[in-house]
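A short worksheet on the structure shown next.
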Amino acid sequence: MIIKYFSWVKDLAETNEETIELPENVKDVEDLINFLEKKNNKYKEIFSKKHLIKIAVNKEYVNTSFKLDKNDEIAFFPPVTGG
Amino acid sequence: MIIKYFSWVKDLAETNEETIELPENVKDVEDLINFLEKKNNKYKEIFSKKHLIKIAVNKEYVNTSFKLDKNDEIAFFPPVTGG
Amino acid sequence: MNDLAVKIKIQEADFDTNYENNNLIVNNTGALVNFVGTVRGNLESSEKILSMTLEHYPGMTENEILNIVNKAIKKWKIEGVTVIHRVGRLLPGDKIVYVGVSSRHRQNAFDACNFIIDWLKTNAPFWKSEELEGIKNWVQARDEDTLALKKWNF
Amino acid sequence: MNDLAVKIKIQEADFDTNYENNNLIVNNTGALVNFVGTVRGNLESSEKILSMTLEHYPGMTENEILNIVNKAIKKWKIEGVTVIHRVGRLLPGDKIVYVGVSSRHRQNAFDACNFIIDWLKTNAPFWKSEELEGIKNWVQARDEDTLALKKWNF
């Protein structure tokens, strides 16, 4: 699974993209967030601002109950500021 | 007094501008219309569509009770269609 | 309102919206909305329009547009306004009118631009005549344009 | 809706509103409204902005803008839509975004253009960072932009 980060979420993640092996017990976005938070403190900091974090899977907005597939591309980013 | 006509009012008036001597008894726009209607049938035709005719004195919209001065420029025209 | 720039032009020549827009983009603008009206190629009835001729009342036109712009300036915080209206003979596809409004806030720019064109359509002394195949018609004013004013609290 | 022309571009280069407008003026258009957003020269706090950098999520950006444009097409009768959004480093006064909508009826063009920019501001994945004197800040999303959506019945 590819994980992408943008804007200040990218700064906190210290990367704009990483590839992870999706563990068996990670079924949805919520599970993935819990998995990442356990892995490293930097994710804890990102998801402590969870009410601000937007999620997209395969380039469409989703919410935390969205079911994941190992080939998905997921992205975490803050509210958008274009226009 | 200068009288100007535009659009199809100009076609009915058969001129775009004329100068008339304002008679003593013509005090306001209403009086002027009555005076013109008596003068010539073409004005009767114009003012038979009175609900459509817009009036400007010295380049500002006015209504029929507007008081006239002999040096005024008055204009009669249909609803505008620019833009 | 000191720095507000107002430009009103009645002209036969075409205009360049990019050039006019660039003149409206001042240091703090942020948002720019413009309306461009063009000559349609045919009527709802599918009759073909060959040309459109615009006449106006010189002097009164500029006064009326300035009155309208002043109303908009009192109602919304805006940074600049440009109104250009063409007169003379135009062909289908030709631009007729440009209304550009710049503001720090986009909704002000949208509303002021919308307001100015609605009022211009019913108050500025311009008259269109259309040349169809063989005939010349004065264009009738549309109730739709008078109704459009109802959304503004004036 | 067969003849409807939709153009969406994400690019570093500047755009020419006159050129884009001309492409939207088709035979029966009549009305064209466009919004242009630009980089402000300073903040409300009067801090000077030296530059603005825009990043985006390639692929998702185009999808989202197309979703928004499709909503507008369902809601209003329009003839053409062009959305151009710049990315990369921009300077104060530079144009950022162009939304152009053409229609037979001006109110449709105003509403659709206003709707598209409101939704783009809250849904299209772009992020601005501002370079002030010595510091680089990610621009915060504004509640005002979320509130702006409330006027649309979606």
Side-chain angles (χ1 to χ4, degrees), chain C residues 14-22 24-44 46 48-49 52 79 91-107 109-118 120-121 142 144-145 147-148 151, chain D residues 14-22 24-44 46 48-49 52 79 91-107 109-118 120-121 142 144-145 147-148 151:
Chain C
D14 195 13
F15 48 81
D16 180 315
T17 52
N18 203 52
Y19 173 82
E20 300 304 334
N21 282 354
N22 284 343
L24 282 169
I25 298 169
V26 292
N27 198 32
N28 279 314
T29 306
L32 177 64
V33 171
N34 58 73
F35 173 83
V36 174
T38 63
V39 180
R40 289 207 192 109
N42 50 47
L43 303 175
E44 311 266 351
S46 89
K48 244 183 116 122
I49 294 170
M52 172 86 87
E79 308 272 330
L91 301 176
D94 281 354
K95 288 175 271 173
I96 304 171
V97 61
Y98 168 94
V99 178
V101 176
S102 61
S103 171
R104 288 186 71 87
H105 300 287
R106 73 180 178 284
Q107 200 55 47
F110 269 108
D111 290 343
C113 183
N114 198 165
F115 174 88
I116 291 169
I117 185 65
D118 278 359
L120 186 149
K121 285 253 178 193
R142 300 182 313 161
E144 192 183 319
D145 287 325
L147 288 172
K151 67 178 172 293
Chain D
D14 194 12
F15 48 81
D16 180 315
T17 52
N18 203 51
Y19 174 81
E20 300 304 334
N21 281 354
N22 285 342
L24 282 169
I25 298 169
V26 291
N27 198 31
N28 279 314
T29 307
L32 176 65
V33 171
N34 60 73
F35 173 83
V36 174
T38 62
V39 180
R40 289 207 192 109
N42 49 46
L43 303 175
E44 311 266 351
S46 91
K48 241 183 120 126
I49 294 169
M52 170 87 84
E79 307 272 330
L91 301 176
D94 280 354
K95 288 174 270 176
I96 303 170
V97 61
Y98 167 93
V99 178
V101 176
S102 61
S103 171
R104 286 186 71 89
H105 300 288
R106 73 179 179 284
Q107 200 55 48
F110 269 108
D111 290 344
C113 183
N114 198 165
F115 174 89
I116 291 169
I117 186 65
D118 278 359
L120 186 149
K121 285 251 177 194
R142 300 182 313 161
E144 191 183 320
D145 286 326
L147 288 172
K151 68 176 171 295

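Proteins come first, then strands; the chains are lettered A, B, ... in the order of their sequence lines, and each starts at number 1. Just so you know, these numbers use all the heavy atoms, side chains as well, and skip hydrogens, waters and symmetry mates. Being a predicted model, the structure only gives us computed values, none of them experimental.
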Fill in: Heavy-atom contact with chain C under 4.5 Å, split by part of A109(D)
neither
Worksheet item: Given a strict heavy-atom distance threshold of 4.5 Å, which part of E144(D) is in contact with chain C: side chain, backbone, both, or neither?
Response: side chain
Worksheet item: Of the listed residues (N34(C), N22(C), V33(C), V99(C)), which shares the most heavy-atom pairs with chain D below a 4.5 Å separation?
Response: N34(C)
Worksheet item: Considering only heavy atoms from C-beta outward, does the side chain of V97(D) approach that of K121(D) to under 4.5 Å?
Response: no
Fill in: Check: D14(C) and Y98(C) side chains under 4.5 Å, non-hydrogen atoms
no
Discussion item. Go through it in stages, so that I can follow the logic: the residues are I25(D) and L32(D), the test is side-chain contact (heavy atoms from CB on, under 4.5 Å), and I'd like the CA-CA distance, side-chain angles, deciding distance and then a yes or no.
Written reply: CA-CA 7 Å; I25(D) 298 169; L32(D) 176 65; 4.0 Å; yes
Worksheet item: Which one, D118(D), V36(D), T38(D), N114(D), leads in non-hydrogen pairs under 4.5 Å with chain C?
Response: N114(D)
Discussion item. Check whether K95(D) reaches the backbone of F15(D) with its side chain - one donor and one acceptor, N or O, closer than 3.5 Å.
Written reply: yes
